[in-house]
Amino acid sequence: MIKGSDPSKIIQTLKTRVDELNSQSKLPPGVQIHPIYERTQLVSHTVATVGENLLMGALLVVAVLIVFLRDWRTSLIVASIIPLTLLFTFIMMNARGVSANLISLGAVDFGIIIDSAVVLVEALMVRMLLQHERTPESPPDAAKWRISALRQTAISLSKPILFSKAIIILAFVPIFTFQRVEGKIFSPVAFTLSFALIGAIILTLTLVPALLSYLLQRGTVSEPHLAWMERLQAGYRKLLDWADIRPRIMAGITVGSLAGALMLLPVIGTEFLPKLDEGNIWLTIALPPSIHLEQSKEIERAVRAKLVTYPEVKTIVAQVGRPDDGTDPKGANNLEILADLNPRSSWRFSSKEKLVADMSQSLKAIPGLPTNFSQVIQDNVEESLSGVKGEIAIKVFGPSLEILEDKAEQIVSLLNHIRGAVDVAAIKVGGQTEVTVTPDRQKLARYGISIAEINNLFQMAFGGSAVTGFYEGERLFNVNVRLAPDYRHTITDIANLQIAIPGSNGAFLTLGELARIDVRQGASRIAREAGGRAVSVKANLMGRDQGSFVSEAQKKVAEHIHLPPGYRITWGGQFENQQRAMKRLMIIVPASLLGIFVLLFWAFKSLRSAFIILMIAPLTLIGGLSGLALSGLHLSISAAVGFIAVSGIAVQNGVIMVEEIVGLLHKGQSFAEAVREGAVLRLRPILMTALMAGLGLLPAALSHGIGSETQRPFAVVIVGGIISATFFTLVLLPLMFNRLARPKHTKTQGNP
């Protein structure tokens with residue numbers, strides 16, 4: 001396939017052409033072409049998983065709207081943004097050339113898309129309710145007043161809506177800076193979410209007011225009376241009063257929770273990306289290089305006989321050696337088996353890891369069988385990343401192949417004793433039987449025979465040499481001459497090769513009289529990288545994260561493997577991508593937070609207010625890390641992207657609350673009263689936005705279908721992070737604002 005092409009379109013075209021061949025009798029009688037592996041099957045499974053998660057998320061978001069708004073008309077207006085925003089997103093993605101993939105679509109959170117519209121509708125309802133309490137009787141020009149109230153509400157909220165969404169988009173800046181593999185995977189996520197947020201802003205400030213205006217011309221919308229919300233607000237006031245007189249306890253809870261979450265990091269572990277279950281097993285076996293093809297086929301049959309006993313396996317396709325056209329450099333010692341698996345609902349094992357572990361244990365009955373369990377796409381990706389079929393690749397560089405092999409075997413011995421390592425093996429360099437002919441240069445000089453003549457003799461005897469040619473029509477063919485097979489199989493045949501003595505009358509000498517002929521074990525392959533020879537060691541992991549494994553392995557290798565001068569060791573594979581991406585995030589994330597701080601200062605014209613709101617962002621770590629620990633997930637790049645997104649959401653909720661507090665201060669309320677009542681008035685919209693953002697990704701966080709592995713860490717982090725961020729926004733932010741933003745010289749100053 002041409003690089004950059006659409007796999008789905010190419011596969012569909014290929015299937016059409018194959019069907020034409022099968023139906024038009026263009027193949028020999030009894031011959032049909034049937035595919036043994038199609039990537040579109042994985043694509044269809046993952047699309048189904050993502051579609052199901054999106055649908056369930058949308059339904060949960062709409063349910064939250066109905067519960068809180070209690071008005072199907074306004075709920076429908078807000079919900080209408082979802083399909084229109086998706087349409088806008090797809091149009092922009094198509095214009096920008098961004099592909100829709102598993103991770104980018106799975107990252108779409110409908111709660112974040114419609115939260116601004118919810119805030120707008122909720123503020124309008126509150127305004128209508130307050131007006132109704134002041135003037136119970138409707139004025140003659142009630143419709144005009146309602147439209148005017150809508151206009152004022154939209155204008156007053158346009159600034160916080162724009163700033164809140166700009167903050168979330170700015171939080172995605174670190175994702176845009178990703179490079180290489182992580183950039184190709186996660187850049188579509190940042191583009192997709194940014195396009196969705198831009199579309200949501202446009203629709204919230206244009207379509208929603210327009211639809212509400214039609215609704216207001218026919219009647220009013222007012223805040224529904226929710227008894228449970230009143231009780232919740234009363235309890236929230238008591239919680240604020242309790243926290244206000246116990247700031248040290250709240251500080252201790254905050255610091256202790258954050259410290260406890262950070263202590264989970266060694267337990268959680270790190271990795272680049274979770275393994276995507278492709279629904280198959282790709283087993284590669286590297287036999288000794290000198291093995292005969294027939295022996296490889298016997299081992300293949302033995303391996304196949306063991307694998308077919310598993311009811312989890314649907315079909316098995318094996319290939320030995322390499323194709324005749326030479327497009328694959330592997331030899332007859334290479335054995336590759338594709339095992340397509342049945343649906344997981346019919347398995348006896350609870351996970352794929354346990355199935356692979358049982359298969360590996362079963363194959364150990366065949367002595368000396370070096371296995372490597374992987375998946376089709378995973379195998380190709382790993383080999384393209386490091387040149388090695390394995391999650392972790394260790395490479396030893398140096399000039400001597402013997403020393404390189406020895407050090408590689410020592411590393412293998414060390415890795416086999418580290419927890420979590422499976423399929424550990426060094427890529428064999430030696431093992432190829434070869435015949436070496438060492439000419440005696442003194443004898444050659446005595447008889448006047450040159451090295452070139454020796455080479456020409458070998459070329460003609462074993463490789464063949466063109467002596468003439470003949471034409472068949474307009475086509476010219478060479479006529480090659482070489483020894484018959486019966487005369488070029490043994491060392492004796494080589495020793496008996498005769499070469500004429502220059503200047504003699506038909507006198508000959510045998511090659512055995514002019515050279516030493518030996519049989520020895522030589523190199524079957526010599527890998528070169530970065531201008532030097534290299535021997536690789538590969539390892540897969542099971543039941544352990546990449547970060548802690550590599551850290552322990554690097555420490556033990558540094559302690560026990562001593563390299564001569566001129567030799568070095570490098571570590572690569574997926575772990576290398578994870579380290580590179582995390583290093584970039586450590587630089588870009590602080591810069592992004594600085595940009596958010598500047599936006600907050602611009603919005604509130606107060607360093608203290610900007611600092612207080614930004615302090616909520618680190619507290620998302622509490623819920624996010626706890627969610628990863630409870631789910632048994634590792635801290636991956638997918639989870640890191642989730643932390644970036646949830647930080648923007650947390651800051652947005654802080655902006656919603658502080659904007660209300662500042663508005664009450666401008667109306668002349670005392671500082672303490674403005675903080676307290678502003679927090680209470682924003683309780684419902686903050687709870688609504690938090691619930692919608694969390695529930696929108698809850699199906700993805702709980703999903704275990706094919707394709708859910710890569711989006712689960714992202715969703716779990718956002719759901720968990722929103723829980724902790726919402727709690728501390730509602731409790732800690734008012735407390736901090738009351739303590740840190742209070743004016744020094746007056747208690748009723750309007751501007752913090």
Side-chain angles (χ1 to χ4, degrees), residues 115-116 118-120 122-127 129-130 152-153 155-167 223 229 232-245 247 250-251 254 596-597 599-617 619 649-690 725-752:
D115 57 4
S116 296
V118 169
V119 171
L120 176 61
E122 194 271 344
L124 177 63
M125 287 182 167
V126 172
R127 185 184 289 265
L129 178 63
L130 294 177
Q152 294 173 10
T153 304
I155 292 173
S156 64
L157 288 177
S158 60
K159 181 180 176 181
I161 287 175
L162 286 172
F163 271 100
S164 62
K165 287 296 182 280
I167 286 169
E223 186 178 26
M229 177 56 67
L232 188 62
Q233 288 176 336
Y236 180 47
R237 283 191 177 92
K238 294 179 181 178
L239 179 61
L240 289 177
D241 294 338
W242 180 88
D244 190 56
I245 61 177
M250 280 304 304
T254 304
I596 294 174
F597 181 82
L599 272 181
L600 292 172
F601 175 72
W602 189 13
F604 296 104
K605 304 298 186 295
S606 169
L607 289 174
R608 289 176 293 178
S609 297
F611 174 76
I612 291 169
I613 295 174
L614 196 60
M615 283 298 295
I616 300 299
L619 301 180
I649 300 170
V651 171
Q652 172 187 253
N653 286 339
V655 169
I656 292 174
M657 178 176 288
V658 173
E659 188 75 27
E660 183 68 25
I661 294 173
V662 172
L664 293 177
L665 288 172
H666 286 159
K667 293 178 181 179
Q669 290 193 12
S670 65
F671 192 89
E673 184 182 358
V675 172
R676 188 167 178 267
E677 291 306 311
V680 173
L681 288 174
R682 293 292 89 188
L683 175 63
R684 189 171 74 161
I686 288 177
L687 285 179
M688 289 179 66
T689 55
T726 302
F727 172 78
F728 287 106
T729 298
L730 293 174
V731 180
L732 186 64
L733 192 146
L735 179 62
M736 293 175 63
F737 201 89
N738 201 18
R739 291 291 189 277
L740 303 179
R742 179 186 293 273
K744 296 181 179 179
H745 303 294
T746 176
K747 297 183 179 181
T748 60
Q749 183 175 335
N751 193 8

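Not measured: the values here are computed from a predicted model. Just the heavy atoms: all of them, side chains too, but no hydrogens, waters or symmetry mates, feed the values below.
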Mind checking whether [X] and [Y] have side chains closer than 4.5 Å, heavy atoms only?
{"X": "Y236", "Y": "L240", "value": "yes"}
{"X": "N653", "Y": "L733", "value": "no"}
{"X": "V658", "Y": "I612", "value": "no"}
{"X": "T689", "Y": "I649", "value": "no"}
{"X": "L681", "Y": "Q233", "value": "no"}

When rounded to the nearest 0.5 angstrom, what is the spacing between [atom1] in [X] and [atom2] in [Y]?
{"X": "L162", "Y": "I167", "atom1": "CG", "atom2": "CD1", "answer": "11.0 Å"}
{"X": "I656", "Y": "I686", "atom1": "CD1", "atom2": "CD1", "answer": "6.0 Å"}
{"X": "L665", "Y": "E660", "atom1": "CG", "atom2": "CD", "answer": "10.5 Å"}

Atom of [X], atom of [Y] and distance for their closest heavy-atom approach:
{"X": "S116", "Y": "K165", "value": "OG-NZ, 2.7 Å"}
{"X": "I661", "Y": "F737", "value": "CG2-CE2, 3.7 Å"}
{"X": "A243", "Y": "M250", "value": "CB-CG, 3.7 Å"}
{"X": "A617", "Y": "V651", "value": "CB-CG2, 4.2 Å"}

Donor-acceptor list for residues 725-732 side chains, cut-off 3.5 Å, not counting sequence neighbours:
{"unit_1": "T726", "atom_1": "OG1", "unit_2": "I722", "atom_2": "O", "d": "2.6"}
{"unit_1": "T729", "atom_1": "OG1", "unit_2": "A725", "atom_2": "O", "d": "2.6"}

When you look at CZ of F597, are more than 12 heavy atoms from neighbouring residues, nucleotides or ligands closer to it than 6.0 Å?
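Check passes, neighbour count above 12.
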Looking at W602, I want to see if its CH2 is surrounded by more than 12 non-hydrogen atoms of other residues, nucleotides or ligands under 6.0 Å.
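Open: at most 12 neighbouring heavy atoms sit under 6.0 Å from CH2 of W602.
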Taking only residues two or more places apart in sequence, or in another chain, which ones meet E659 in a side-chain hydrogen bond (donor to acceptor under 3.5 Å, both in side chains)?
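Testing E659 for side-chain hydrogen bond (donor to acceptor under 3.5 Å, both in side chains), a comparison that skips the adjacent residues, returns none.
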Who passes side-chain hydrogen bond (donor to acceptor under 3.5 Å, both in side chains) against Q152, sequence neighbours left out?
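Expected list: R127, S148.
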Tell me if a side-chain donor or acceptor on R237 pairs with a main-chain N or O of E677 at a distance below 3.5 Å.
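Judged by distance alone, no pair lies under 3.5 Å.
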